[in-house]
Participant: 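Here you go, one structure.
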Protein chains: 2
Amino acid sequence: MGISERKEREKGEMKKMITTAAMKMFLEDGYAKTSIRNIADSIEYSPGTIYLYYKDKDELLYEVQGQAFLKLLEAFKTHATSKDPIRRLEQLGKTYVSFGLENPELYDLMFIIRAPMNVDDELHKDNGGETFFYLVDCLEECMKNGLLIFKDPMQAALQVWSMMHGLVSLNLRCRLKVMVIGEESIQPVLFKAVEEYLDSIVV
Amino acid sequence: MGISERKEREKGEMKKMITTAAMKMFLEDGYAKTSIRNIADSIEYSPGTIYLYYKDKDELLYEVQGQAFLKLLEAFKTHATSKDPIRRLEQLGKTYVSFGLENPELYDLMFIIRAPMNVDDELHKDNGGETFFYLVDCLEECMKNGLLIFKDPMQAALQVWSMMHGLVSLNLRCRLKVMVIGEESIQPVLFKAVEEYLDSIVV
DNA sequence: CAAATATACTGAATGGTGTTCAGTAAATCC
DNA sequence: GGATTTACTGAACACCATTCAGTATATTTG
């Protein structure tokens, strides 16, 4: 019978409707300033309804994070496509930094905000895993050809990711103001840091 | 007359009493979970009183941040003392990472939490500035002797700090779980990253 | 010294938050 | 057509930061 299928479909549509509204509002106003009530309002349902589809605000964030990671992966697949793995690594780095600069609220919600990840241990590979391994793959290809100074691919990934995340997140939290960088020169300065850093890790 | 002096002193004591309680509670339960009511309770005053000494919760956080930066500076002055600037740089890096691992809530409040910094532009140099320049000084001494690959001290500081902050903050947000590091091996892995990175930037 | 003023503090009130749950109305099943 | 399941509501709960009229104490003034 098709009724339960339709119900299933409707449930999915409702979940999508909620996450879409949530994503929009998280992006515009940030996670903290977006309340369940606001989201409920915007989709014209009562607050209680959202809890029929998501256990709590964290679970909703987790869902939106998943979408955000896909968006970053998308950006990687579009902009980090060079056949030369070293060149591709540079594209990866710059794409990552640009993503952080252009989508601060999204970046926040993916990497900075304190939220669900801390609890559910297993799910990490789902959310963000594929995106992370896009970087690991690139590094492994570089290392297979002996192009990087690293010995362990995981150490390599840790360092490269830490550098990129450090650059983006210090900027997002305005900590770079101590070194008086003008607003407009932030992107070039961060790009230069990426270039210099990658230069220092190729053999 | 000594009355206004006493008043002044009492005002200072009250402020210290508030920040001390706040620091303790921020450290134990984190910034978000610590409410003005809780702080007021713990010092046996009404919530309203706190607002006679601090404009809002952000201003209180800003004060506590100041203390936290001093604590980090203290750690630097204790553990990063080698005469050899390269060796000192390594001590600095490890001290920073250890600080982040040992005082996660404090680190959070200094560098990760979204709070006052975003508004007051001028005050940054007060809060954390001295601590930051301890790193810059060390880098400048290294570079003066031509020991590092960098040309610009600010680019050097940006990169080194980003790497250290990236390592600490990705760990604090459990993002290193994608690379299945066991809880106990986190500190050695991060230390190894610091060592490897610093090796890659000395000429 | 007494009255007037300034200071320090209170705690209830305002308008928000996430989350729960008894109650209702519609859809589905038998 | 009556019973049951499903979807949804919105008021209620326990919090939150912040404000402010009111009070009680301390200081200054006449």
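Convention: sequence-line order gives letters A, B, ...; per-chain numbering from 1. No experiment lies behind these values; they were computed from the predicted model shown.
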Participant: Mind checking salt bridge (charged side-chain N to carboxylate O under 4.0 Å, His left out) for B:Lys24 and listing every partner two or more places apart, or none if nothing turns up?
Facilitator: B:Glu28
Participant: Holding to ring pair (Phe, Tyr, Trp, His ring centres under 6.0 Å), I want the full list of residues that pass it with B:Tyr54, two or more places apart in sequence or in another chain.
Facilitator: none
Participant: Does A:Glu63 have any salt bridge (charged side-chain N to carboxylate O under 4.0 Å, His left out) partners at least two apart in sequence or in another chain, and if so, which?
Facilitator: none
Participant: Please name all residues satisfying side chain to side chain donor-acceptor pair (under 3.5 Å) with B:Lys57, sequence neighbours left out, ordered by chain then number.
Facilitator: none
Participant: Give the residues of residues 9-25 of chain A touching DNA chain C, defined as any heavy atom closer than 4.0 Å, sorted by residue number.
Facilitator: none
Participant: Report the residues that fulfil salt bridge (charged side-chain N to carboxylate O under 4.0 Å, His left out) with B:Glu13, sequence neighbours left out, ordered by chain and then residue number.
Facilitator: none
Participant: Distance check needed: C:dC21 P versus A:Leu52 CG, whole Å only.
Facilitator: 13 Å
Participant: Under 4.0 Å, counting only non-hydrogen atoms across every strand here, what does A:Tyr54 touch: a base, just sugar-phosphate, or nothing?
Facilitator: nothing
Participant: Whole angstrom is fine here: how far is it from NZ in B:Lys57 over to C1' in C:dG16?
Facilitator: 14 Å
Participant: When you get a sec, tell me which of C:dT10, D:dA17, D:dT9 is the closest nucleotide to the side chain of B:Ser46?
Facilitator: C:dT10
Participant: Write down the distance between CG (B:Leu61) and P (D:dA17), rounded to a whole number of angstrom.
Facilitator: 13 Å
Participant: Can you list the residues that meet the ring pair (Phe, Tyr, Trp, His ring centres under 6.0 Å) rule with A:Phe76, with sequence neighbours excluded?
Facilitator: A:Tyr134
Participant: In whole Å, I'd like the distance from the CD1 atom of B:Ile50 to the C1' atom of C:dA8.
Facilitator: 14 Å
Participant: Judged by modelled atom types alone, do B:Tyr107 and B:Tyr96 share a side-chain donor-acceptor pair under 3.5 Å?
Facilitator: yes
Participant: So among B:Glu195, B:His79, B:Gln187, which one has a side chain to side chain donor-acceptor pair (under 3.5 Å) with B:Lys94?
Facilitator: B:Glu195
Participant: Counting only side-chain heavy atoms from C-beta out, which of C:dG18, D:dA7, C:dA8 sits nearest to B:Tyr53?
Facilitator: C:dA8
Participant: Rounded to whole Å, how long is the line connecting atom CD of A:Glu59 with atom P of C:dT20?
Facilitator: 12 Å
Participant: Who pairs with A:Glu105 by side chain to side chain donor-acceptor pair (under 3.5 Å), at least two apart in sequence or on another chain?
Facilitator: B:Arg114
Participant: Just the atom pairs and distances: protein N or O near nucleotides 19-25 of chain D's N or O, under 3.5 Å.
Facilitator:
none

Participant: Between atom CD in B:Glu44 and atom P in C:dG11, what is the gap in whole Å?
Facilitator: 13 Å
Participant: How close or far is atom P of D:dC15 from atom CG of A:Asp56, stated in whole angstroms?
Facilitator: 18 Å
Participant: What pairs with A:Arg37 under salt bridge (charged side-chain N to carboxylate O under 4.0 Å, His left out), at least two apart in sequence or on another chain?
Facilitator: none
Participant: A:Glu141: what forms a side chain to side chain donor-acceptor pair (under 3.5 Å) with it, not counting sequence neighbours?
Facilitator: A:Arg88
Participant: Return the residues of residues 35-43 of chain A meeting this criterion: a heavy atom under 4.0 Å from some atom of DNA chain D. Order them by number, or give none.
Facilitator: A:Arg37
